[in-house]
Amino acid sequence: MLSPFASGDLRSALHEHTACIYFSPEGIIRDASPLFLETVGYTLEQVKGQHHRLFCFIEETRSSEYSNFWQALAAGESQKGHFRRLNAHGEEVWLEATYVPIKNRRGKVIQVFKVASDVTEKHQKASRERAILQALKNSMTVIEFTPDGHILNANKNFEQARGYPLHKIRGEHHRMFCATELYQQQPNFWKQLANGEFKQGKFMRLNAQGRVVWLEATYNPIVDNEGKVVKVVKFATDITRAIAASEAAKATVSSARTSSNQTERIAQEGLEHLHKVISHFQHASDTLGNAQELISALNNQAEQINKTANTIAQIASQTNLLSLNAAVEAARAGEHGARLCRSGQRSTPASTRL
């Protein structure tokens, strides 16, 4: 049997410029182009005569979907889409491919032609982006708006956090979540978003009960291939408790600052009082010093007085002794004189009598 690429300008062009491969209706590999072989990392000798399952994960080939896939091709139904496959190194590759059944003149499928494009990098990038987006949707409230602010869609987190069921708010304008002052202060809010301006920050909003909630959010304009904003996606986290805690902390700090100022004032007054007390103590110390000097002088004077008193006492003592002696002598003299008198009266001298 001749190779399907052996003749014909179309087949030659496909063989040269595309990643293509031919199978039997049962899935047996008959031929492949160099670009396809390069994509999967095999040589033609390694794949020719092998079944298509060579490129597939085992769990996929065991599924009923895989059997139905080849049955549909054998019945003449084409298949297309993104397919996960394995290369020769056991690595995952993604192919954007179309499987085309080729029929003979009697309408019987005689072979299956597949043309593919390696979209592994693109698919993995998209998967990462989808994973990030899914993580955001799982952890945050997400709501989509038209460029002028009308609600298109919202996730479950939004419905639960804000208390609005989606069917009641779809088509409504963003202003239903806002205090009146917002659009008075920011009249060009949606015009700026529609022009592609990104917004982020902390926003005060109202929930379904009319209570204030605080959101840390980003408004992300989404553009099409021509750069035109087609919608705005908002990712938000409820930070109401954090704001309340922050306000409480500010109040505590303010109270602490007031107490600190009062304490500082009291301390200053205490310091001034202490200075006065020290001054009084200093004055008292000076007075005490003067008193000590006076007492010392009085002690000196008292000592002098004591010395003088001792001297006087000694003189008095001596005077008393002299007086005593004089008295004794006088007494003795008086007794002798008396005797002399008595004797004289008996014999008065002549001179006395004359």
Side-chain angles (χ1 to χ4, degrees), residues 1-135 222-226:
M1 180 177 180
L2 294 175
S3 167
F5 299 111
S7 62
D9 295 338
L10 177 58
R11 290 186 177 181
S12 296
L14 290 172
H15 180 75
E16 183 178 356
H17 299 291
T18 67
C20 57
I21 184 170
Y22 271 77
F23 302 93
S24 70
E26 297 76 28
I28 303 300
I29 301 168
R30 292 180 173 174
D31 205 347
S33 70
L35 285 178
F36 182 88
L37 294 170
E38 180 181 347
T39 299
V40 294
Y42 287 101
T43 64
L44 182 59
E45 290 74 17
Q46 290 175 318
V47 301
K48 192 171 183 178
Q50 299 292 325
H51 194 274
H52 172 266
R53 66 175 59 93
L54 174 69
F55 306 128
C56 303
F57 288 84
I58 294 176
E59 61 272 19
E60 292 179 0
T61 61
R62 292 175 177 174
S63 67
S64 58
E65 288 80 5
Y66 185 74
S67 298
N68 295 335
F69 178 83
W70 280 102
Q71 289 175 8
L73 286 170
E77 298 177 13
S78 63
Q79 304 287 334
K80 63 179 179 179
H82 288 77
F83 301 94
R84 186 178 69 145
R85 297 292 182 251
L86 282 171
N87 64 16
H89 308 291
E91 300 168 339
E92 179 185 86
V93 293
W94 281 85
L95 302 178
E96 184 176 10
T98 300
Y99 292 78
V100 181
I102 299 176
K103 302 177 181 179
N104 59 18
R105 293 180 180 179
R106 292 191 295 271
K108 180 181 179 181
V109 175
I110 57 173
Q111 54 189 346
V112 174
F113 172 71
K114 170 186 174 182
V115 60
S117 176
D118 187 351
V119 293
T120 303
E121 184 176 351
K122 180 180 178 182
H123 180 86
Q124 291 175 344
K125 180 181 178 182
S127 295
R128 289 192 296 268
E129 291 175 351
R130 284 195 299 272
I132 293 172
L133 183 59
Q134 189 60 47
I222 307 299
V223 299
D224 59 16
N225 294 332
E226 298 178 355

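The residues of the chain are indexed from 1 along the displayed sequence. Please read these numbers as outputs of a predicted model, since none were measured by experiment.
A donor-acceptor pair shorter than 3.5 Å cannot be found between the side chains of W94 and E96.
For T98 (side chain) and V115 (main-chain N/O), no donor-acceptor pair under 3.5 Å exists by modelled atom type. H51 contributes a side-chain N or O that, together with a main-chain N or O of R53, makes up a donor-acceptor pair within less than 3.5 Å. In this structure, the side chain of S24 does not engage the main chain of Q111 through any donor-acceptor pair within 3.5 Å.
A distance of 8.5 Å separates CG of N87 from OG1 of T120, quoted to the nearest 0.5 Å. For the atom pair T61 OG1 and L54 CG, the distance stands at 11.0 Å (nearest 0.5 Å). Atom CD1 in I28 sits 8.0 Å away from atom CD in Q50 (nearest 0.5 Å). Interatomic distance, T39 OG1 to R85 CZ, rounded to the nearest 0.5 Å: 13.5 Å. Remark: E38 CD to T43 OG1 distance equals 13.5 Å, nearest 0.5 Å. How far CG of L95 is from CZ of F83: 9.0 Å, rounded to the nearest 0.5 Å.
Smallest separation of non-hydrogen atoms from K48 and R30: CE-O, 3.2 Å. The two residues K103 and G76 come nearest to each other via the heavy atoms CE-CA, 3.9 Å. Taking every heavy atom of both residues into account, A19 and S33 meet most closely at CA-OG, 3.6 Å. Nearest heavy-atom pair across A97 and A116 is CB-CB, 3.9 Å.
Evaluated for a side-chain hydrogen bond (donor to acceptor under 3.5 Å, both in side chains) with Y66, the options Q71, E60, H52, E59 yield exactly one hit, H52.
Remark: aromatic rings of F113 and Y99 are distant, center separation not under 6.0 Å.
A 4.5 Å side-chain heavy-atom check between W70 and V112 finds at least one atom pair inside the cut-off. A 4.5 Å side-chain heavy-atom check between P25 and K108 finds every atom pair outside the cut-off. V47 is listed as a side-chain neighbour of L37, based on a closest heavy-atom distance under 4.5 Å. By the 4.5 Å heavy-atom criterion applied to side chains, I21 and I29 are counted as neighbours. Between K114 and V100, every side-chain heavy-atom pair lies at or beyond the 4.5 Å cut-off.
Both the sub-6.0 Å distance and the 45° axial angle are satisfied by R84 relative to the ring of F57.
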CA sep, side-chain torsions, deciding dist, call: Y22, F36, ring pair (Phe, Tyr, Trp, His ring centres under 6.0 Å): CA-CA 11 Å; Y22 271 77; F36 182 88; over 10 Å; no
H82 vs V119, side-chain contact (heavy atoms from CB on, under 4.5 Å): CA-CA, chis, key distance, verdict: CA-CA 8 Å; H82 288 77; V119 293; 3.7 Å; yes
Assess the residue pair L73 and V109 against the criterion (side-chain contact (heavy atoms from CB on, under 4.5 Å)); give the C-alpha distance rounded to whole Å, side-chain angles, the decisive distance to 0.1 Å, and a yes or no. CA-CA 8 Å; L73 286 170; V109 175; over 6 Å; no
